[in-house]
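Worksheet: the structure to be examined is printed underneath.
Because the structure is predicted, anything quoted here is derived from the model rather than measured.
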Amino acid sequence: MTDEALRLYQDAEQSVLGALIADAQANAADVFRQVKAEYFITGDYRYVFDTCRKMYANNDQIDPITVRSACGTEYLVLLKNLCDLMMTPGHCGAYIRQLRDCAIRYQMDALLRKAQSHVAYSSPLPEIAAAVDQMQSVLAYGNEDSGSDMNELLLDYFDDWETQPEFLDWGFSSLNSALMTQLGQYVVLAAEPSAGKTAFALSAATSLAKQHRVTFYTLEMDKKRLMQRIMARTAFVPLSKIKAHRCNAAEMEAQVRAKAKLLNLPFRIVRASNKTADQIAADVKNTRTEVAIIDYLQLIPPPGPRMTEYDAITANTKALQQLAQLGVCVIALSQLSNEGNLRGSGQIKQDADVVLRLGVPNKDRLKTPEQFRALEEDRLRILKIEKNRDGRRLTLPFWFEGQYQRFVEEWNGFYQADVEKMDDNPYQQQKIETA
């Protein structure tokens, strides 16, 4: 960095510490929630910050006198200079943003020099790509995490109680309450052949897009066919009619109404048949995608030459797990092997936070004549939550209407309702039926 940039960096360090010490009651919570010790590249300022952070964790008073006492006599001059700064404690938020910006630029400068040295000395391409990926991560998400001590962890824990947690809406109330999925999780959706995993994924995608930026990466089906399925589900028009362009006036009107529902949703489809996991991750970061859906995992190309299927799938699932750790919800569709396991690598289940298995129930698990009839008509499905790090493991019954590409969750009285034309929310429908 230039001398001018370093001077601005030092000004930011001084301003944050000065505002903190001058008015800790107003500024301490914001400073310790948003600023990390590694943001300070000046050793003495980092020591003062660490001292104040320990005082805050112990509920000690933070002011010019107590900080001088805690830091020791060798810091008297430095602390006097901080207190004499021409800064405004009420502008602490702006000082924090300036310090974070300087910290990111400082780290970017170091990473850029590292990448340039890799290029100059003919380092292997994977090492250059890794350096570039580090820079993208720093730009998108701030400084890399160098760890948190117990005081920081406790501060973050209790600060987190001030905000209401936000869970992803899959479009199915029973699934939402069982999973409690959040951004930053890696979900695998596996299914038996023809069980409807793409239809289920598209249903979830359009629901998730009501609150988050969603990208659907398709490695198998083209955009046109996917959009036909979305329209069939949203408009309640048979897929066969949409594909043949043989809709009557009422069905065309239904599609126009569906268009109004879908218009302006933050939802993208990307044809990703030749994209590696790293390229998918780069697109996610560049577009600030919050929910990435990959259809499907086993079709992602291997990251290197002459890799076995096992090695390729293992590497790709690890890459998707790492992408999720950056704050993205990754939903990867997966094939099953002939034995009924996740095809290709046991690493998939190990990496995932949640594993869902969509399939057809065994006859011995059915209880009512309506369920047996639905099974014979190929309308009955079950969604088994095989792994769930943060919630319950259970099996949920669903009803699948293939011609509309729609899944509907079951409830008491389900088979007495007009399922074909009901709203997607079964609990709202239940209220209508019992009113």
| query | Do you see a donor-acceptor pair shorter than 3.5 Å between the side chains of Thr308 and Asp311? | reply | yes
| Beyond-backbone contact of Leu380 with Val360, side-chain heavy atoms, under 4.5 angstrom | no
| task | Could you check Thr234 against Arg257 for side chain to side chain contact (heavy atoms under 4.5 Å, CB included), going step by step and ending with a plain yes or no? | result | CA-CA 9 Å; Thr234 310; Arg257 291 195 300 269; over 6 Å; no
| query | Can you name the nearest heavy-atom pair linking Ala232 to Gln403, along with the distance? | reply | CB-O, 4.4 Å
| Pairwise distance CZ(Arg393) to NZ(Lys387) - rounded to 0.5 angstrom | 10.5 Å
| task | Kindly write out the residues that satisfy ring-ring contact (aromatic ring centres under 6.0 Å, His included) with Tyr217, not counting sequence neighbours, or none if the list is empty. | result | none
| query | For Glu290, what residues pass the side-chain hydrogen bond (donor to acceptor under 3.5 Å, both in side chains) criterion, not counting sequence neighbours? | reply | none
| Does the side chain to side chain contact (heavy atoms under 4.5 Å, CB included) test come out yes or no for Cys329 and Thr181, once each step is laid out? | CA-CA 8 Å; Cys329 178; Thr181 317; 4.2 Å; yes
| query | Would His212 and Glu166 count as a side chain to side chain donor-acceptor pair (under 3.5 Å) if you check the C-alpha gap in whole Å, the side-chain angles of each, and the deciding distance to 0.1 Å? | reply | CA-CA 11 Å; His212 300 281; Glu166 181 179 340; 3.2 Å; yes
| Partner set under ring-ring contact (aromatic ring centres under 6.0 Å, His included) for Tyr45, not counting sequence neighbours | none
| query | Just by distance, do the side chain of Ser334 and the backbone of Ala190 share a donor-acceptor pair under 3.5 Å? | reply | no
| request: Verify the neighbour count for atom CD of Glu4: are there more than 12 heavy atoms of other residues, nucleotides or ligands below 6.0 Å? | output: yes
| Can you check whether Thr314's main-chain N or O pairs, donor with acceptor, with Thr317's side chain at less than 3.5 Å? | no
| Flag if over 12 foreign heavy atoms under 6.0 Å of CZ, Phe167 | yes
| Side chains of Pro305 and Met307: closer than 4.5 Å at any heavy-atom pair? | no
| Heavy-atom closest pair, residues Arg389 and Asp351 | NH1-O, 3.6 Å
| said: Would Asn27 and Val16 count as a side chain to side chain contact (heavy atoms under 4.5 Å, CB included) here? Give the steps. | reply: CA-CA 9 Å; Asn27 297 324; Val16 169; over 6 Å; no
| message | Quick check: do Leu179 and Leu356 have side-chain heavy atoms less than 4.5 Å from each other? | response | yes
| request: Check for a donor-acceptor pair, side chain of Asn388 on one end and backbone N or O of Asp353 on the other, with a separation under 3.5 Å. | output: no
| query | Just one of Val354, Val330, Leu323 clears the side chain to side chain contact (heavy atoms under 4.5 Å, CB included) bar with Tyr186, so which one? | reply | Val330
| Minimal non-hydrogen separation, Ala178 against Leu394, with atom names | CB-CD1, 4.3 Å
| said: Can a donor-acceptor pair be found, under 3.5 Å and without considering hydrogens, that links the side chain of Arg213 to the backbone of Ala209? | reply: no
| Taking only residues two or more places apart in sequence or in another chain, which ones pass ring-ring contact (aromatic ring centres under 6.0 Å, His included) with Phe267? | none
| task | Would you kindly say whether Trp170 and Ser207 are connected by a side-chain donor-acceptor distance under 3.5 Å? | result | no
| What's the verdict on salt bridge (charged side-chain N to carboxylate O under 4.0 Å, His left out) for Arg113 and Asp109, showing C-alpha distance, side-chain angles and the deciding distance? | CA-CA 6 Å; Arg113 293 174 185 273; Asp109 182 72; 3.0 Å; yes
| query | Taking C-beta and beyond as the side chain, do Ile294 and Phe216 meet within less than 4.5 Å on heavy atoms? | reply | no
| Roughly how far, to the nearest 0.5 Å, is CZ of Arg381 from CD of Glu401? | 10.5 Å
| task | Using atom types as modelled and distance alone, determine if a side-chain donor or acceptor of Thr289 lies under 3.5 Å from a backbone N or O of Lys285. | result | no
| said: Any heavy-atom pair between the side chains of Gln347 and Ile313 that's under 4.5 Å? | reply: no
| said: Please tell me whether Asp295 and Thr218 have a donor and an acceptor in their side chains that are separated by less than 3.5 angstrom. | reply: no
| query | Side chain of Asn248, backbone of Ala250: donor and acceptor closer than 3.5 Å? | reply | yes
| field | Chi angles and distances behind the salt bridge (charged side-chain N to carboxylate O under 4.0 Å, His left out) call for Asp283, Arg288 | value | CA-CA 8 Å; Asp283 184 80; Arg288 303 194 70 80; over 6 Å; no
| field | Heavy-atom check, side chain of Thr215 versus side chain of Ile293, under 4.5 Å | value | no
| said: Restricting to side-chain hydrogen bond (donor to acceptor under 3.5 Å, both in side chains), what partner residues turn up for Glu309, sequence neighbours left out? | reply: Arg343
| Heavy-atom pair with the smallest gap, counting every atom of Ala195 and Gly359 | CB-CA, 4.3 Å
| message | When you measure from the side chain of Asn286 to the backbone of Ala282, do you find a donor-acceptor pair of N or O atoms at a distance under 3.5 Å? | response | yes
| query | Which distance, rounded to the nearest 0.5 Å, do you find between the CG of Leu189 and the NZ of Lys197? | reply | 8.0 Å
| Out of curiosity, Lys261 NZ to Lys210 NZ, how far, rounded to the nearest 0.5 Å? | 8.0 Å
| Which pair of heavy atoms, one from Ala374 and one from Trp399, lies closest together, and at what distance? | CB-NE1, 4.2 Å
| task | Count the heavy atoms belonging to other residues, nucleotides or ligands that lie under 6.0 Å from CZ of Arg246, then report whether that count exceeds 12. | result | no
| message | Checking Glu13 against Thr42: is there a side-chain donor and acceptor pair closer than 3.5 Å? | response | yes
| query | So, Glu409 side chain and Ser173 main chain: donor-acceptor pair closer than 3.5 Å or not? | reply | yes
| query | Pro89 and Ala19: which non-hydrogen atoms are nearest, and at how many Å? | reply | CA-CB, 3.9 Å
| task | State whether the side chain of Tyr56 and the backbone N or O of Ala24 hold a donor-acceptor pair below 3.5 Å, judged by distance alone. | result | no
| task | Drop me the distance from Met252's CE to Ile242's CD1, to the nearest 0.5 angstrom. | result | 9.0 Å
| message | Side chains of Gln298 and Asn316 only: does a donor on one sit below 3.5 Å from an acceptor on the other? | response | no
| request: For Asn58, look at atom CG and say whether over 12 heavy atoms of other residues, nucleotides or ligands are found less than 6.0 Å away. | output: yes
| said: Working to the nearest 0.5 angstrom, can you tell me the gap between Met180 CE and Arg392 CZ? | reply: 9.5 Å
| task | Tell me, please, which residues at least two apart from Gln322 pass side-chain hydrogen bond (donor to acceptor under 3.5 Å, both in side chains). | result | none
| Does the side chain to side chain contact (heavy atoms under 4.5 Å, CB included) test come out yes or no for Phe407 and Arg233, once each step is laid out? | CA-CA 9 Å; Phe407 280 84; Arg233 175 190 176 276; over 6 Å; no
| task | Can you label the angle between the Phe200 ring and the Phe172 ring as parallel, tilted or perpendicular, going by 30° and 60°? | result | parallel
| message | Is it the case that the side chain of Gln405 and the backbone of Gly402 share a donor-acceptor pair, with hydrogens and angles ignored and the cut-off at 3.5 Å? | response | yes
